[in-house]
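Read through the structure below, which is laid out as structure tokens, and then see the notes.
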Amino acid sequence: MVNVKNKQTIAGFIPTMGALHQGHISLVNAAKAQCDLTVCSIFVNPTQFNDLSDLKNYPRTFDADCQLLDAAQCDVVFIPEVSEIYTFKELELKKLNFEDKSWTESKTVDFGSLVKVMEGAHRPGHFNGVAQVVSKLFRITEPDKAYFGQKDFQQLAVIRSMVNQLAMPIEIIACPIIREPNGLAMSSRNERLTKEERDKASLISKTLYKVKELQTIKTIAELKAFAEDQIKAEPLINLEYFEISDAETLQPITDYKQAKSVVACIAIKLGSVRLIDNVILY
Ligand code: AMP
């Protein structure tokens, strides 16, 4: 990367964990449209998993990934080994975390209330691991722009906060959620759903879009109750949270007047597969 980049080259970077789909490829396309050099990394990051079995079961399809990236004309693919990214000590620390979940706050950045809610509250240490790996990947690839999907809405806010706090000269670009024909947000984890579960999972986005439609006639409390009822009516789906939040701070709101922009976020479990989705209300 450093060798092929010269001063005039605008480099765009897309960090991924692989098992690529059209959601990832949309980020590659966005980078290609704006940059001279597009770099995609594939790294199943052990420090952002809360659960060893989730890490072990995470799909790894490197050959198919490279074919997709080739077809999308991505210039560089970076597939590091775990030992190239982490020291032994860093991994030992995470191993402890799998057992006692006590390692939460990053030493160099403070995400404050941003990580106390939603994914941060349900996956202790997760955003620490994300920030840890993305900061390392940024330092290796030195991009001018980095592309992230709005599907991971809270992650995007965390990365923006990290880049600001560390004064990294990188523009963070948010890209829209790409969905399956039935509305289900594309995700590497969808591969682990049965056909029946995939069909049922369309209820997630249907509920979010209905919530968006109803915002003009319902209060926040009514919207929350509506969404929770919709999801709970499907026995195969376990609701982890449904929140209506300030799209900047990600703190839950109780009144529309409390935020300039509002997002509805959801996390559910379908069998052993955990899925997240969101829609911006305004
Ligand atoms: P992951 O491989 O799941 O870590 O995702 C890598 C990047 O792709 C993240 O910025 C995600 O937000 C983004 N991404 C994943 N799924 C989608 C999707 N359905 N639409 C848009 N971006 C996505």
Side-chain angles (χ1 to χ4, degrees), residues 12-33 38-51 54-55 57-62 64-66 68-69 72 74 77-80 82 85 118-119 123 126-138 141 143 145-163 170-193 198 201-202 204-205 208-209 247 250 263 265-268 273-280:
F13 177 51
I14 303 108
T16 80
M17 297 209 298
L20 301 184
H21 48 66
Q22 289 307 313
H24 297 110
I25 298 303
S26 73
L27 307 188
V28 172
N29 292 338
K32 282 200 68 73
T38 299
V39 180
C40 179
S41 66
I42 300 176
F43 181 65
V44 183
N45 174 34
T47 70
Q48 73 186 67
F49 284 81
N50 305 81
D51 177 343
D54 192 22
L55 172 61
N57 290 328
Y58 200 84
R60 287 159 174 89
T61 57
F62 299 123
D65 292 351
C66 288
L68 271 181
L69 290 172
C74 181
V77 185
F78 177 45
I79 312 183
V82 172
I85 299 293
M118 299 194 288
E119 293 303 283
R123 303 185 66 187
H126 167 67
F127 286 123
N128 240 29
V130 170
Q132 192 181 19
V133 77
V134 172
S135 64
K136 282 170 183 271
L137 291 169
F138 279 177
T141 57
K145 298 171 189 273
Y147 296 79
F148 291 86
Q150 277 178 327
K151 165 160 178 291
D152 298 277
F153 200 87
Q154 195 172 7
Q155 169 172 284
L156 200 42
V158 165
I159 298 296
R160 283 192 201 284
S161 170
M162 179 191 80
V163 164
I170 302 171
E171 188 185 350
I172 302 301
I173 302 194
C175 299
I177 302 175
I178 305 297
R179 298 180 178 281
E180 306 278 358
N182 74 356
L184 174 63
M186 286 190 179
S187 163
S188 308
R189 288 190 167 88
N190 293 353
E191 296 305 310
R192 289 169 50 206
L193 297 174
R198 244 175 215 255
S202 65
I204 305 164
S205 60
L208 288 174
Y209 281 108
L250 296 186
V263 62
C265 298
I266 188 166
I268 62 102
V273 183
R274 189 173 183 279
L275 300 173
I276 59 170
D277 198 354
N278 66 79
V279 70
I280 296 172

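In each ligand, atom 1 is the first atom listed, and ligand 1 is the first ligand listed.
Expressed to the nearest 0.5 Å, how far CZ of Phe153 lies from CZ of Phe148 amounts to 14.5 Å. Note that the OG atom of Ser135 and the CD1 atom of Ile159 stand 8.5 Å from one another [nearest 0.5 Å].
Within the structure, the salt bridge (Lys or Arg N to Asp or Glu O under 4.0 Å) test picks out no pair touching residues 17-29 (sequence neighbours left out). For residues 173-186, every residue pair satisfying the salt bridge (Lys or Arg N to Asp or Glu O under 4.0 Å) rule, not counting sequence neighbours, is listed here: Arg179-Asp277, Glu180-Arg198.
Ordered by chain and residue number, the residues placing a heavy atom less than 4.0 Å from ligand 1 are Pro15, Thr16, Met17, His21, Gly23, His24, Leu27, Tyr58, Phe148, Gly149, Lys151, Asp152, Gln155, Pro176, Ile177, Ile178, Met186.
By the 4.5 Å heavy-atom criterion applied to side chains, Phe138 and Met162 are counted as neighbours.
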Please table the atom pairs, donor to acceptor, closer than 3.5 Å between any side-chain atom in residues 20-29 and protein atoms at least two apart or in another chain.
from: His21; atom 1: ND1; to: Gly23; atom 2: N; distance (Å): 2.9
from: His24; atom 1: ND1; to: His21; atom 2: N; distance (Å): 3.1
from: Ser26; atom 1: OG; to: Gly23; atom 2: O; distance (Å): 2.6
from: Asn29; atom 1: ND2; to: Ile25; atom 2: O; distance (Å): 3.4

